[in-house]
Amino acid sequence: MSLTARGNERVAVVVDPTPGSAAGAAVVGVGLAQCLALDDLPRLVAQVEAEQAPRWTWWSAAHDARPLVAARVSLARCWDIAEAHRLAAGGWQASPPLAWATARGLEPEGLPQPAAGDLFDFGAADAETAAPDAVVRADGYLRPEAGSPAWPMDSARLLAWAQAALECAAGQEDRLAGADPRALATAHSESAAALLCVELERDGLPVDRGTAERLIRESSGPRPTSEGHAREVRAQRDAQVLRHVPGRESTDLRNPLQVRELLASVGVVVPNTRKWVLAPFRDTHAVVDALLEWRKAERIATTYGYGWLAAHVGSDDRLRGAWTACDGAAGRMTAQNGLHNLPATLRPAITAHAGHVFVRADLGQIEPRVLAAVSGDRAFAAATRADDLYAPVATALGVERPIAKVAVLAAMYGQRSGAAGEALKGLERAYPTAMAYLDRAYAAGVRRAPLRTFGGRAIPLDQVLTQDSGGSPTGEPTRGGPHHGGPTSALHGGPISAGHESERHDREGADSAARSAARDAARGRFARNAVIQGAAAELFKAWAATVRATTRELGAQIVLCLHDELLVHVPEDSAEQTRERLLTALDDSARRWTGSTEVRFVADASIIQRWSDAKA
DNA sequence: GATTTCACGTA
DNA sequence: CGTACGTGAAATCC
């Protein structure tokens with residue numbers, strides 16, 4: 001490898017990980033081995049970027065790149081050790097010691113635990129370490145207390161921390177490239193996505209505060225001026241429902257049990273009060289419709305109301321939340337503070353700022369097109385050449401388009417209800433390669449066999465949490481677990497007990513076999529879905545990374561990533577050019593990702609003022 | 001106080 | 001037509 005070849009050299013940037021202390025940062029690579037204050041970091045990095053354009057390497061962008069992003073230093077190529085580890089190993093856990101051990105081929109089971117704080121632990125850890133300042137222990141594992149106050153960083157330690165990052169990344173690269181050449185490209189785009197996530201959090205989503213306030217007011221009432229007023233507004237809202245049930249005005253609408261009783265009293269007997277259970281009773285009694293409308297308003301009031309506006313929309317009228325480049329399951333991006341689940345009614349409030357517009361683009365029929373690509377089904381690939389993929393599929397099956405669409409979706413996601421029967425058989429005949437790909441994923445899920453997406457991401461099947469899935473018609477969550485604490489919860493939370501649940505069910509005898517079968521099937525559906533959803537996420541991130549790189553000079557900012565949709569905030573004058581580059585970026589990233597042009601990907605891209613302007 | 005359940009928004 | 005995620009309120013556990 002030539003030392004002068006741009007983009008081929010690694011340079012590690014690490015920021016002191018120790019909470020509370022700040023030894024600054026270290027930069028190691030291309031002949032540099034330097035510790036410096038955080039304030040001096042951006043200038044050095046910008047200079048090296050201009051001269052060498054190396055592959056910036058860090059334990060995680062969220063920590064190490066944050067000061068660079070804050071200083072608006074823009075970097076082209078990076079390697080995110082945490083993301084590369086998630087790709088290689090699956091799941092969410094990606095601490096430096098774990099990533100290091102995996103990159104070195106060491107058993108994760110042997111990971112040394114950080115000292116609990118007592119003297120014996122401290123002594124034991126020390127005994128394993130070659131030298132007091134060494135980051136790597138004699139047994140090859142990373143020192144577990146690195147990054148904790150038990151091992152405060154100084155210049156020497158920080159340099160060793162950076163050197164370890166370089167070695168870890170090199171190990172990851174070797175392993176990924178050896179396992180699957182495509183995984184290397186995926187690691188690059190996942191790393192770029194992780195850096196983009198830090199930029200997304202910095203830039204925020206432009207909001208028209210006045211419109212947001214108006215929409216909130218129209219839905220859930222005026223901004224409360226006092227505790228008493230707030231109660232009054234709430235009571236007003238509740239009264240719209242309770243007026244339909246005289247004598248039961250004391251019902252707490254926020255209590256599902258009480259709501260169930262209330263409904264029973266008017267003859268609506270339901271197992272729960274979820275929306276899709278109540279919907280059929282809308283005409284049975286006026287209270288049902290009123291309740292469902294109340295729920296919408298209550299959602300806005302509690303989750304997306306004035307408090308939300310105050311907490312998450314800055315004085316610069318930008319909505320901000322934390323982003324992650326991949327969840328712990330299939331690898332989608334996640335976002336907090338409503339960025340990913342803003343109710344459609346509030347979308348008119350997402351408005352480009354003065355002198356700017358949005359370029360919005362979304363991938364059309366992304367999942368079936370991805371299926372064509374990842375399965376290598378030539379016939380199905382041929383169908384992707386149509387703007388509407390379902391049209392040629394319908395022709396091939398000899399059915400109407402809506403039937404063809406339902407059949408394809410049923411095949412990809414696995415239906416539990418309804419009937420796409422005959423059309424599904426037609427799919428098996430017309431596209432056996434694609435269908436076999438889905439069947440293999442399902443089977444691997446059931447058997448807990450190793451499974452990877454097209455881009456090389458390991459799909460975690462050993463820790464998938466599924467509650468019994470035998471019940472409700474649609475939308476019922478099949479995964480439990482706590483849900484506070486971001487993507488570190490549930491699935492990603494580490495060694496989730498696979499055992500105790502089955503023990504609990506053993507007492508139920510014959511029931512336990514049924515539960516076990518239901519869990520197997522749920523895992524199969526998860527796996528079948530994950531190879532599609534995960535691959536789509538990989539393509540999407542490759543696209544987003546390319547857009548980021550190719551539109552930056554136009555003053556464009558990616559402000560929202562929504563699974564198959566990009567929202568780019570750009571000066572008016574650059575809008576059309578940005579739009580064209582979005583489409584070019586899709587062609588380029590799809591060609592690189594699939595390795596051919598067999599499968600066509602399409603995007604709808606428009607220039608708009610408000611997010612809500614686009615949805616056709 | 002922490003965890004679980006219910007509910008619902010987005011793709 | 002399934003999977004995934006984030007959020008809040010109330011219930012429940014400890």
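By convention in this document, chain letters (A, B, ...) are assigned in the order of the sequence lines, proteins followed by strands, and residues within each chain are numbered from 1.
At distances below 3.5 Å, not a single donor-acceptor pair connects side-chain atoms of A:Arg401 with backbone N or O atoms of A:Ala394.
Of all nucleotides listed (C:dA10, B:dT10, C:dA4), C:dA4 comes nearest to the side chain of A:Phe526. Distances from the side chain of A:Leu409 to the nucleotides B:dC8, B:dG9, C:dC1 place C:dC1 closest. Closest to the side chain of A:His563, from the set C:dG2, C:dG8, B:dA11, is B:dA11. Distance from the side chain of A:Ala344 is smallest for B:dT10 among the nucleotides B:dT10, C:dT3, C:dA4. Comparing B:dA11, C:dG8, B:dA7 against the side chain of A:Asn272 picks out B:dA7 as the nearest.
Atom CG in A:Leu438 sits about 15 Å away from atom P in C:dC1, given to the nearest Å. For A:Ile532 and C:dG2, the CD1 to C1' distance is 12 Å, given to the nearest whole Å. Distance, A:Trp276 CH2 to C:dC1 C1': 14 Å, rounded to whole Å. We find that CG of A:Asn255 is positioned 12 Å from P of B:dC6, with the value rounded to whole Å. A:Trp323 has its CH2 atom 13 Å from the P atom of B:dA11, to the nearest Å. With rounding to whole Å, A:Ile366 atom CD1 is found 20 Å from C:dT3 atom P. Regarding A:Gln533, its CD atom lies at a distance of 13 Å from the C1' atom of C:dC1, rounded to whole Å. Atom P of nucleotide C:dG8 and atom NZ of A:Lys296 are separated by 21 Å, given to the nearest angstrom.
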In sequence, state the C-alpha distance, the side-chain angles, and the governing distance for A:Thr273 and A:Arg295, and then conclude on side chain to side chain donor-acceptor pair (under 3.5 Å). CA-CA 11 Å; A:Thr273 70; A:Arg295 285 245 177 94; 2.9 Å; yes

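For A:Gln236, the CD atom sits in a loose shell: 12 or fewer heavy atoms of surrounding residues, nucleotides or ligands are nearer than 6.0 Å.
Between A:Arg217 and A:Glu213, none of the side-chain N atoms (NZ, or NE/NH1/NH2) sits under 4.0 Å from a carboxylate O, so this pair counts as no salt bridge. Ion pairing of A:Glu298 with A:Arg234 is absent here, as no side-chain N (NZ or NE/NH1/NH2) approaches a carboxylate O to less than 4.0 Å.
As judged by a 4.0 angstrom heavy-atom cut-off over every strand, A:Leu257 is placed among residues making no nucleic acid contact. Nucleic acid contact for A:Ala530: none, since no nucleic acid atom lies under 4.0 Å from a heavy atom of the residue. At a threshold of 4.0 angstrom between heavy atoms, the contacts of A:Arg254 are confined to the sugar-phosphate backbone, with no base atom among them.
For B:dA11, the base has a donor-acceptor partner in the side chain of A:Arg332 [N/O atoms by modelled type, under 3.5 angstrom]. In this model, a side-chain donor or acceptor of A:Arg299 finds a partner on the base of C:dT7 within 3.5 Å.
For the pair A:Thr273 and B:dA7, the criterion of a side-chain N or O lying under 4.0 Å from OP1 or OP2 is met. In terms of phosphate contacts, A:Thr334 brings a side-chain nitrogen or oxygen within less than 4.0 Å of OP1 or OP2 of C:dG6. Considering only side-chain N and O atoms, A:Lys275 lies nowhere under 4.0 angstrom from the phosphate OP1 or OP2 of B:dC6.
Relative ring orientation between A:Phe358 and A:His569 is described as tilted, the plane-to-plane angle lying within the 30° to 60° band.
Both A:Ala330 and A:Gly338 lie near DNA chain C, and the one whose nearest nucleotide falls closer to the 5' end is A:Ala330.
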